[in-house]
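Before any comments, here is the structure.
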Amino acid sequence: MEYGNLLVENRDGIVIVTINRPKALNALNRDTLNDLKAFFGQDALKIQGLKGVVLTGSGEKSFVAGADISEFNGLDAQGGLEMSQNGHDIFFLIERFHKPVIAAVNGFALGGGCELAMSCHMRIAGEKARFGQPEVNLGIIPGYGGTQRLIQYIGKSKAIELLLTADMIGAEEAYRLGLVNHVVPAGEEVNKAIEILTKIAAKAPIAIEKIIECVNAYFPTEGFNREVIEFANTVKTEDFKEGAAAFLEKRVADFRGK
Ligand code: COA
């Protein structure tokens with residue numbers, strides 16, 4: 001298994017997958033998404049004795065700082081539709097993976113990074129972890145399931161506040177709201193995830209697989225389809241062009257509602 005943007009390490013059946021683009025704070029560009037698709041869709045299924053997967057980010061600063069904004073240039077509504085649908089397909093691969101997947105959130109988990117962490121079955125936050133859905137700062141909405149899974153974890157009231165304000169929350173607040181399972185000292189995220197996966201690995205594998213299927217079956221999927229359509233509808237606005245340009249030019253966006 002060789003990937004351009006993932007490091008994969010098998011520690012006695014617990015596989016640590018590290019998203020490795022630290023200079024871009026591990027932002028999810030197309031290649032990284034393709035790597036995740038190849039790993040969860042094909043390669044991981046062939047790993048003998050797989051117990052579970054830990055997903056983390058390279059460096060001390062970031063888990064994943066979102067979709068790669070530098071790839072937004074020239075994105076049109078059709079491209080937005082395809083981008084969002086592709087992200088949904090990959091994140092559902094993770095959520096529906098037959099072995100437990102735990103996000104070890106070592107820093108920023110913003111936009112697509114928060115969405116990626118939410119597609120995992122559990123989240124361990126280091127003390128410095130920061131969560132948020134800042135898409136409205138860019139003139140768009142979350143496109144990888146954020147409008148749906150945030151509600152699933154923390155309820156409609158706080159979810160709509162975070163989605164509308166783009167506010168970031170720290171690890172303790174994320175724990176209080178139920179977004180993360182445990183908060184640990186910085187640097188201990190992966191170890192805690194391994195500890196939990198080791199415990200689960202002693203249980204009956206078929207029962208574990210069926211628990212994952214049944215928990216997922218509780219949640220409706222219509223909202224995800226709506227999110228893909230509305231993501232594309234925001235991608236075609238002038239506000240999106242302004243928001244993405246403002247981020248790359250390191251200035252505040254001037255939105256016009258067009
Ligand atoms: N896409 C592409 N590049 C990104 C990125 C993203 N989502 N997030 C960060 N980067 C890049 C920055 O452009 C910068 O690159 P540069 O060194 O070539 O200028 C580098 O990563 C470091 O980021 P910087 O903004 O300088 O770090 P910071 O500590 O000042 O701020 C964040 C950190 C996470 C708060 C800030 O980078 C940020 O807001 N990122 C975007 C988050 C976002 O909106 N995500 C949703 C996208 S849909």
Side-chain angles (χ1 to χ4, degrees), residues 4-5 18-36 56-77 79-88 90-91 103 105-119 125-150 159 162-171 173-174 179 186 224 227-228 230-237 239-255:
N5 296 311
T18 305
I19 298 176
N20 189 32
R21 300 186 68 222
K23 283 190 184 140
L25 302 186
N26 305 319
L28 295 175
N29 62 358
R30 283 186 205 95
D31 290 346
T32 308
L33 286 168
N34 285 337
D35 283 352
L36 287 170
T56 193
S58 182
E60 291 176 6
K61 191 169 170 181
S62 184
F63 172 70
V64 167
D68 192 319
I69 298 168
S70 68
E71 289 187 345
F72 283 178
N73 195 12
L75 194 65
D76 60 9
L81 204 70
E82 289 166 9
M83 176 184 163
S84 181
Q85 188 60 60
N86 183 47
H88 277 224
I90 297 167
F91 287 19
V105 183
N106 51 310
F108 288 115
L110 302 176
C114 189
E115 291 169 298
L116 180 62
M118 290 194 291
S119 74
E127 283 163 339
K128 291 190 294 186
R130 307 270 289 157
F131 297 82
Q133 296 289 161
E135 285 84 355
V136 290
N137 290 337
L138 300 166
I140 48 175
I141 67 167
Y144 294 158
T147 64
Q148 306 300 299
R149 292 196 181 94
L150 196 58
L162 294 183
L163 290 162
L164 294 179
T165 61
D167 282 349
M168 273 191 238
I169 56 171
E173 176 72 347
L179 182 58
F224 287 88
E227 186 188 87
V228 173
E230 301 308 345
F231 178 79
N233 280 333
T234 55
V235 161
K236 68 186 178 199
T237 63
D239 281 348
F240 168 59
K241 290 187 187 68
E242 164 62 9
F247 175 80
L248 294 172
E249 292 160 19
K250 300 187 188 291
R251 62 174 172 81
V252 176
D254 177 15
F255 293 127

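When a ligand or atom number is given, it counts from 1 through the structure's own listing order. Start at 1 with the first residue, then count along the sequence.
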Of the protein's non-hydrogen atoms, which lies at the shortest distance from atom 48 (S) of ligand 1, and what is that distance?
-> L138 CD1, 3.7 Å
Any side-chain heavy atom of V136 sitting closer than 4.5 Å to one from L164?
-> no
Would you check if the distance from the ring center of F72 to the ring center of F247 is below 6.0 Å?
-> no
Are any of the heavy atoms in R130 under 4.0 Å away from ligand 1?
-> no
Side chains of F131 and L110 in contact at under 4.5 Å (non-hydrogen atoms) | no
Can a protein heavy atom be found under 4.0 Å away from atom 40 (N) of ligand 1?
-> yes
Distance flag for atom 19 (O) of ligand 1, protein heavy atom under 4.0 Å = yes
Taking atom 34 (C) of ligand 1 as the reference point, the nearest protein heavy atom with its distance = L110 CD1, 3.5 Å
What do you think, any protein heavy atom under 4.0 angstrom from atom 30 (O) of ligand 1?
-> no
For ligand 1, is G112 a contact, meaning one of its heavy atoms is under 4.0 Å away?
-> no
Just distances here: any N/O of A67 and N/O of ligand 1 closer than 3.5 Å?
-> yes
Closest protein heavy atom to atom 36 (C) of ligand 1, given as residue, atom name and distance to 0.1 Å | F247 CE1, 4.3 Å
Do the side chain of R21 and the main chain of A27 share a donor and acceptor less than 3.5 angstrom apart?
-> yes
Please examine the side chains of L179 and M118, heavy atoms only from C-beta on, and report whether any two atoms are closer than 4.5 Å.
-> yes
May I ask you to check whether K61 has an N/O atom sitting below 3.5 Å from an N/O atom of ligand 1?
-> yes
Heavy-atom check, side chain of D68 versus side chain of L28, under 4.5 Å = no
Looking only at protein heavy atoms, identify the closest one to atom 1 (N) of ligand 1 and say how far it is in Å.
-> I69 N, 2.9 Å
For E71, is the nearest heavy atom under 4.0 Å from an atom of ligand 1?
-> no
D35 side chain to T32 side chain, donor-acceptor N/O pair below 3.5 angstrom = no
Quick one: does E71's side chain get under 4.5 Å of M83's, heavy atoms only?
-> no
Give a yes/no on ligand 1: does K23 have at least one heavy atom closer than 4.0 angstrom to it?
-> yes
Can you tell me which residue and heavy atom of the protein come closest to atom 43 (C) of ligand 1, and the distance to 0.1 Å?
-> P134 CG, 3.6 Å
Just wondering, do F63 and I19 contact through their side chains at under 4.5 Å, heavy atoms?
-> no
Does ligand 1 have an atom under 4.0 Å from some heavy atom of L25?
-> yes
Might you work through the salt bridge (Lys or Arg N to Asp or Glu O under 4.0 Å) test for E242 and R251, ending with a clear yes or no?
-> CA-CA 10 Å; E242 164 62 9; R251 62 174 172 81; 2.8 Å; yes
Which is it for A65 and ligand 1 at heavy atoms under 4.0 Å: side chain, backbone, both or neither?
-> both
Quick note on ligand 1: atoms under 4.0 Å from a heavy atom of F108 include exactly 33 (C), 34 (C)
closest protein heavy atom to atom 10 (N) of ligand 1 is A24 O, 3.9 Å
Contact check: E135 vs ligand 1, nitrogen or oxygen atoms, below 3.5 angstrom | no
Can you tell me the protein heavy atom closest to atom 14 (C) of ligand 1 and the distance?
-> K250 NZ, 4.3 Å
Is any side-chain heavy atom of E115 closer than 4.5 Å to a side-chain heavy atom of E135?
-> yes
Would you check if F231 and Y144 make a side-chain contact, meaning some heavy-atom pair closer than 4.5 Å?
-> no
